[in-house]
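Down below is the structure, laid out as structure tokens.
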Amino acid sequence: MTDVNKTVQKWHASFKKGTDFDSWGQLVEAIDEYQILARQLQKEVQASNSSDFTEEQKKTLGKIATCLEMRSTSLQNAQSKEEFNLEDLKKLETIIKNILTFNKEFPFDVQPVPLRKILAPGEEENLEMEEDEDAAAGAGATDAFLQRAPGTLLPRLPSEPGMTLLTLKIEKIGLKDAGQCIDPYMTVSVKDMNGVDVNPAQDTPVASRKEDTYIHFGVDVEIQRHVEKLPKGAAIFFEFKHYKPKKRFTSTKCFAFMEMDEVKPGPIVIELYKKPTDFKRKKLHLLTKKPLFLHLHQTLHKDS
């Protein structure tokens, strides 16, 4: 069997694996599989020296990658405008399986996105980055990130009689490779039990310093809803992100969360979990067996 046939078989198996996860309701696994396959297809689309596929076939592969991305977006956010259902996606199985002989019109009006990186769940791309790879790999990586440095933190809400506001100070995070993380920051969000945003997400500024196995932040994050008004089963998520110059995107390294019964004044230490960020808290895997945690301090403001 030729290498190209093996590649197509591998893609088809990955596609089937993803749609099976999707059918069984294992959405975190489905998203992961879709994103892995989408990245593989994108890599082929962008390969300038590859002669295994014609330009037309590459165009089709790019469109399949777009559909995989759209389905992933739909699964990650129930309120997504980019709805793309499983039955539609399944229509592409025959195409990916027979990509070498496929010569019909693509069933959906989508465009390949050859210059856009598709990232694993929970990861964000720094869309302003359009510099050459060489520049990004050096000091340019830090320069390009200066736009993010101030963060997107929001001020404390006005107080209301009888209502409680929560300030979370992100003190530090423990990581075995803390010193290697470039431009690390946190995205803080509040999600309901279905993983849907309750408040706008906030990005911290880039961390102030690194020391041994710790990255220090020392920043206050004001939760944008009174504690009494947070929905039952809600949780506050902390996604630790850092910049990867060779790949030119911002990657989520790990995440942590605290639930409403953990809201009380004083310090709190919470465990770190492996990506992808599981906002529904169904499939959680600790980042490491080592005692590495996110250190926070809570302050409650009650207007009596």
Side-chain angles (χ1 to χ4, degrees), residues 76-77 119 122-129 141-160 163-175 178 181-192 195-211 214-231 234-244 249-260 262-270 272-273 275 277 279 293-303:
Q76 286 181 78
N77 185 354
L119 309 176
E123 292 183 350
E124 284 184 3
E125 183 175 7
N126 176 19
L127 296 175
E128 292 81 24
M129 276 290 293
T142 303
D143 295 341
F145 242 68
L146 291 176
Q147 295 174 44
R148 182 179 286 286
T152 57
L153 296 180
L154 298 166
R156 190 181 308 166
L157 294 176
S159 59
E160 286 185 24
M163 291 290 171
T164 310
L165 289 168
L166 171 62
T167 302
L168 285 166
K169 180 183 279 293
I170 301 176
E171 294 185 333
K172 61 184 180 180
I173 185 171
L175 295 167
C181 296
I182 297 173
D183 291 339
Y185 69 99
M186 287 274 184
T187 296
V188 181
S189 57
V190 183
K191 308 276 185 179
D192 68 13
V196 176
D197 279 311
V198 173
N199 293 336
Q202 303 180 63
D203 289 343
T204 70
V206 166
S208 56
R209 65 190 171 94
K210 302 168 192 173
E211 185 180 58
Y214 286 104
I215 294 175
H216 294 262
F217 286 87
V219 293
D220 288 340
V221 180
E222 305 291 347
I223 300 305
Q224 298 294 299
R225 186 173 291 209
H226 293 87
V227 173
E228 292 82 359
K229 295 179 182 177
L230 289 169
I236 302 169
F237 282 83
F238 306 84
E239 294 177 274
F240 177 80
K241 300 180 179 181
H242 64 130
Y243 183 68
K244 291 189 170 179
F249 64 72
T250 301
S251 168
T252 299
K253 185 176 182 65
C254 59
F255 72 98
F257 64 89
M258 54 178 284
E259 296 177 316
M260 292 304 100
E262 296 176 284
V263 173
K264 47 194 151 192
I268 181 173
V269 175
I270 54 179
L272 303 176
Y273 295 97
K275 64 179 183 182
T277 309
F279 292 121
F293 304 99
L294 176 62
H295 297 249
L296 308 168
H297 192 281
Q298 303 182 69
T299 305
L300 295 173
H301 313 271
K302 187 152 188 173
D303 187 353

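Keep in mind the model is a prediction, meaning the values are calculated, not measured.
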Roughly how far, to the nearest 0.5 Å, is the [atom2] atom of [Y] from the [atom1] atom of [X]?
| X | Y | atom1 | atom2 | answer |
| --- | --- | --- | --- | --- |
| Met163 | Arg225 | CE | CZ | 11.5 Å |
| Tyr214 | Leu175 | OH | CG | 10.0 Å |
| Leu154 | Ile223 | CG | CD1 | 10.0 Å |
| Leu165 | Thr299 | CG | OG1 | 11.5 Å |

Beyond-backbone contact of [X] with [Y], side-chain heavy atoms, under 4.5 angstrom:
| X | Y | answer |
| --- | --- | --- |
| Glu171 | Pro267 | no |
| Glu239 | Phe279 | yes |
| Ile170 | Val188 | yes |
| Gln298 | Leu166 | yes |
| Asn199 | Ser189 | no |
| Pro184 | Lys253 | no |
| Met186 | Val219 | no |
| Glu160 | Lys229 | yes |

Is a side-chain donor-acceptor pair under 3.5 Å present for Ser159 with His301?
-> no
Give a yes-or-no answer on whether the side chains of Thr187 and Lys241 include a donor-acceptor pair shorter than 3.5 Å.
-> yes
Show the numbers, then the answer: is there a side chain to side chain donor-acceptor pair (under 3.5 Å) between Gln202 and Thr152?
-> CA-CA 5 Å; Gln202 303 180 63; Thr152 57; over 6 Å; no
Could you tell me how the ring of Phe240 sits relative to the ring of His242: parallel (under 30°), tilted (30 to 60°) or perpendicular (over 60°)?
-> parallel
Under 3.5 Å, side chain of Glu222 to main-chain N/O of Leu168, donor-acceptor pair present?
-> no
Set of side chain to side chain contact (heavy atoms under 4.5 Å, CB included) partners for Phe257, sequence neighbours left out = Ala235, Phe237, Phe255, Glu259, Tyr273, Arg281, Leu284
